[in-house]
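Note that the coordinates shown come from a computational prediction; the quantities given were computed from them, not determined experimentally.
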Amino acid sequence: MDYSALIACHECDLLQRRVRLHGGAVARCRRCAAELYRDSPHGIERSLACTLAALLLFLIANAYPIVGLEVQGNRQEASLYDTVHTLWIQDRKDVALLIAVTTMVAPAIEIGLLLYLLFPLQLNRLAAGAVPILRFLDTVHPWSMMEVFVLGILVSLVKLEHLAHVEAGIALWAFGGLIPVLIAAANAFNSDEIWAKVSVLR
């Protein structure tokens, strides 16, 4: 029996046979109707394009100030690194590490690994260690929480508005653009298609 043609529903664990899909169709579980997999034409190309855009926005978000404050003629700007550094030297190491991991380290790892996998696949080649990397991506993705960080900044800006003149920096706009781009990359990243191509190239 060819077990590679079977798939288990992630909701109810019903084992069922895969069918070939066309035209963006979606395969659903026969018992609970949960989505099993979908046909995503040019999924690798779209995911690679979105990931490259995410890399550009991520570099901008880390290179430029997030916010600028002007109080009585004195202007100060802070980047993401400045935020982490200030929290660290103020003995808020736990918060500094949390921000660094969720907004700098985890997104950088996710974007880097996606590019490492997708570039060779686009050329019909297989990157070394592709299988463990695919599994690791499922683990690191939940730790990328930039949307929570951006929401926290927006709330802080609203509260500071009556104390100082506040200007959103280039990095904040870059973070705002990065979130939907990463969502688009994740939606275009068809793991079923990726695993199928990896199996063929191995």
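- With contacts defined as side-chain heavy-atom distances shorter than 4.5 Å, the pair L52/F119 qualifies.
- Rounded to the nearest 0.5 angstrom, I170 CD1 and L172 CG are separated by 11.0 Å.
- With rounding to the nearest 0.5 Å, the separation of CZ in R30 from CG in L14 is 8.5 Å.
- Closest approach of A96 and W88 over heavy atoms only: CB-N, 3.9 Å.
- Side-chain atoms of F136 and I109, non-hydrogen and from C-beta on, do get closer than 4.5 Å to each other.
- How far CD of E11 is from CZ of R31: 12.0 Å, rounded to the nearest 0.5 Å.
- Here the closest heavy-atom approach between residue Y64 and residue S79 is recorded as O-CB, 3.8 Å.
- Of all non-hydrogen atoms in F175 and T103, the two that sit nearest each other are CE2-O, 4.3 Å.
- Listed for the Y116 side chain is a donor-acceptor partner under 3.5 Å among the backbone atoms of A128.
- Between L55 and I111, the shortest heavy-atom distance links the atoms CB-CG2, 3.9 Å.
- Under the 4.5 Å side-chain criterion, counting only non-hydrogen atoms from C-beta, S47 is in contact with L118.
- L115 and V181 end up in the same hydrophobic cluster when Ile, Leu, Val, Met, Phe, Trp and Tyr side chains are linked at under 4.5 Å.
- Two different hydrophobic clusters hold L87 and L97 under the rule that ILVMFWY side chains link at heavy-atom gaps under 4.5 Å.
- When the side chains of ILVMFWY residues are joined at heavy-atom separations under 4.5 Å, either directly or via intervening members, I60 and I179 end up in two distinct hydrophobic clusters.
- With rounding to the nearest 0.5 angstrom, the CG atom of L121 is 5.0 Å from the CD1 atom of I44.
- The shortest heavy-atom contact between A185 and T51 is CB-OG1, 4.0 Å.
- The hydrophobic cluster containing L57 does not contain W173, counting ILVMFWY residues as joined when their side-chain heavy atoms lie under 4.5 angstrom apart, directly or transitively.
- Atom NE2 of residue H85 and atom CD of residue Q90 lie 10.5 Å apart, to the nearest 0.5 angstrom.
- One hydrophobic cluster holds both L114 and L59 under the rule that ILVMFWY side chains link at heavy-atom gaps under 4.5 Å.
- The SG atom of C9 sits 10.5 Å away from atom CZ of R28, with the distance rounded to the nearest 0.5 Å.
- The shortest non-hydrogen separation linking A54 to L182 is CB-CD2, 3.7 Å.
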